[in-house]
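Being a predicted model, the structure only gives us computed values, none of them experimental. Each chain gets a letter, A, B and so on, in the order its sequence line appears, and its residues count up from 1.
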Amino acid sequence: MADTLVAMTDAAMRDHPDRVAVIDVDGTTTTHRELDRLANGFAATLHAHGVGPGDRVGVCRRKSAGTVAGLVGIMRAGAAYVPVDPSSPIARNRTIFDDCEVSAVLLDEDDLRVVSPGTSRIVADPDGVDGFEPGRDCVPEDLAYILYTSGSTGRPKGVCLEHRHATSFVQWCIRTFDASFEDRCSSHAPFHFDLSIMDLWMPLSTGGSVVLIGDSLARDPRSLPGFIAERGITNWYSVPSVLSLMAEHGRLPEHDHSSLRVVCFAGEVFPLPGLRRLRSLWPEPRFWNLYGPTETNVCTAHRLPDTIEDARTEPFPIGRPCDHCEVSIVDDRGAVVPDGVMGRIICRGAPVMRGYWGGESGGGGPGGADPFLEIDGLLWYDTGDLGAVDEAGDIVFHGRRDRMVKRHGYRIELGEIEAGLDAAEFLAEAAVFAVRDGGAVVIHAAVVPMEGEKASVIRLRGHAAGSLPSYMIPDRFHVLDRLPRTSTGKVDHPRLRLEAVG
Amino acid sequence: MADEIRQAVRTHLLEDVLAGEDPSNLTDDMPLRTSGIIDSMGVIRLTGFLEQRFGIRVEAHETGVENTDTVDAIVSFVESKAD
């Protein structure tokens, strides 16, 4: 069995050269043979710039067939890809590229500001070429990609995944969803988001098609249903909020969705009312609730029933451990808790990351501590999530232990929002907290303006939009004279909540 | 009619994305989309609000910046749909 993403995609390109590999945002198709040539073009160009095994290459491009070929080309050259959101503030992307010391970056348009001087910038798509001879073949222990997630200190942290971590997950996907060359799989999530790993590498390993969904369409629940019908999508994968919005605003019954075979969601809890509505409008496809932090890929899964009982009031469980890893619920001392008792969700096995970039096991310079627990000589990744096993033997998710929240499937460390707000010249300090409102998470920011400055909500939102990704912008701002503090000088969060929201 | 629409749009924005803001700071020609004050989720909520409040049907391609960047633009858009 092929155990690198390079070997898996190579095999599909060899076996299904004339099938469509990528349907671009505008509907243009690229076959597996063409993708192969384009990827060689990228690999050869990177090689000519001195990129080789062990290097990192940044990707700051919009979704396109060329970008997909770029990702394949980076891995063929032996390097790991580091995708960022091209619409994020440039300073944040620069921080990421500097952190993992990329040796080159792929761009849509040239921009000096995105990387340090001297870093190679490869703009647009190189011409395709017939072959590429790597210096050495990619091995399962090579780094395949680094995905950056929100960090509590205000600096994003890089999750380092090797080829073997990715392939064990992709092979699980192929088995579980009966993937074939006839699939047309949605690519709704952006490439810097971990949902993209299945979106891209499952169909590209089986000879199927990746259906790219552009940035603005991805956020438009009114247009997505028509798009799903037009492209004949067979496998849908996204965060629940998109599906909820489609069920509510998308006029689903006006469209023919008979091509849909599998609907997967992950990234956050799917509130039951929206899920019930969607299930009644889409009774045919298999529905799966997937769970797993970026650090482990997907590690538990639950297949939903065909109809949702009226009596049900709780969200569905995250299910059972996938067969390529182990998942356990333990107490603070690392002992497995009895069924029904809440504990930490921990995971070990094939899909678990190497570590954080800059951490002990991730590589690079000094950086974040590794969140591994050693229990009886085995290393487990501690997800930071809480869960319990229910009567049916499924794991039920019970939220987070720390200051991380999830919105639209994105992990958000509240500390990173505080750091972004603190950067405003007109603010003395800021504290951020999250409030659950039904299924939604509402982010509040309490700010104290500098003396003589006025912090209007308009000014605050404008500043936040310039320094933070859109999913991190607080929903509510509270302008205070000072932040309440405990006797030790820390922000008194319970009192802050009372003062701000009552 | 325009005044009624304007008032309703302003109230929605002040409650939805500008809670706590002094209403006089929200001018009718202030850029809302291009400044980042309303994001894509805000547009979805705004569209849902306009449909419900004024009984109009808004198509997906009509929710771009040209129709939603300022209070003035939103009011003109709703007026054109209500005709």
Side-chain angles (χ1 to χ4, degrees), chain A residues 87-89 214-227 239 241-242 244-246 248-251 254-255 407-408 410 420 440-447 454-480 500-501, chain B residues 6 9-74 77-78 81:
Chain A
S87 64
S88 257
D215 205 29
S216 53
L217 178 63
R219 285 176 292 179
D220 183 354
R222 290 155 175 273
S223 302
L224 283 170
F227 179 85
V239 291
S241 50
V242 175
S244 258
L245 287 166
M246 272 201 268
E248 196 180 342
H249 300 286
R251 303 178 184 122
E254 295 180 11
H255 303 280
R407 196 153 61 150
H408 315 316
Y410 280 97
V441 171
V442 180
I443 296 177
H444 293 253
V447 299
K454 276 189 109 73
S456 71
V457 179
I458 289 168
R459 192 175 184 192
L460 287 161
R461 285 194 78 91
H463 165 73
S467 63
L468 296 166
S470 63
Y471 58 88
M472 288 196 196
I473 297 174
D475 301 292
R476 292 283 181 269
F477 286 97
H478 309 276
V479 181
L480 305 177
V501 291
Chain B
R6 188 175 306 276
V9 168
R10 290 179 56 87
T11 305
H12 169 79
L13 292 173
L14 285 163
E15 285 173 3
D16 186 54
V17 288
L18 294 172
E21 181 62 277
D22 177 349
S24 65
N25 286 343
L26 173 61
T27 54
D28 291 344
D29 58 353
M30 174 186 294
L32 300 166
R33 298 287 300 281
T34 47
S35 64
I37 289 173
I38 308 185
D39 63 6
S40 57
M41 295 301 291
V43 173
I44 291 166
R45 292 192 299 269
L46 172 69
T47 315
F49 166 76
L50 296 176
E51 286 192 329
Q52 208 165 30
R53 178 76 168 68
F54 299 108
I56 55 176
R57 176 169 165 139
V58 181
E59 300 303 329
H61 63 84
E62 297 172 323
T63 59
V65 174
E66 63 284 3
N67 289 333
T68 54
D69 199 33
T70 62
V71 172
D72 282 337
I74 299 167
F77 172 65
V78 175
K81 296 295 280 191

Residue selection (most heavy-atom pairs with chain B, distance under 4.5 Å) from A/Arg459, A/Glu254, A/Glu248: A/Glu254
Which distance, rounded to the nearest 0.5 Å, do you find between the [atom1] of [X] and the [atom2] of [Y]?
X        : Y        : atom1 : atom2 : result
A/Ser470 : B/Ile38  : OG    : CD1   : 13.5 Å
B/His61  : A/Asp220 : NE2   : CG    : 10.5 Å
A/His249 : B/Glu51  : NE2   : CD    : 8.5 Å

Considering only heavy atoms, which portion of [X] lies under 4.5 Å from any heavy atom of chain B: side chain, backbone, both, or neither?
X        : value
A/Leu245 : side chain
A/His478 : neither
A/Arg476 : side chain

Side chain to side chain contact (heavy atoms under 4.5 Å, CB included) between A/Arg407 and B/Met41, worked out: CA-CA 12 Å; A/Arg407 196 153 61 150; B/Met41 295 301 291; over 6 Å; no
B/Glu59, CD: over 12 other non-hydrogen atoms inside 6.0 angstrom: yes
Residues of residues 16-24 of chain B within contact distance of chain A, non-hydrogen under 4.5 Å: B/Asp16, B/Val17, B/Leu18, B/Ala19, B/Gly20, B/Glu21
Minimum heavy-atom distance B/Asn25-A/Ile458, with the two atoms named: O-CD1, 3.3 Å
Residue pairs, two or more places apart or on separate chains, that pass salt bridge (Lys or Arg N to Asp or Glu O under 4.0 Å) and touch residues 32-41 of chain B: none
Heavy-atom donor-acceptor pair, A/Arg222 side chain to B/Thr63 backbone, under 3.5 Å: no
Which of B/Gly48, B/Ser40, B/Gly36 touches chain A most, by non-hydrogen pairs under 4.5 Å: B/Ser40
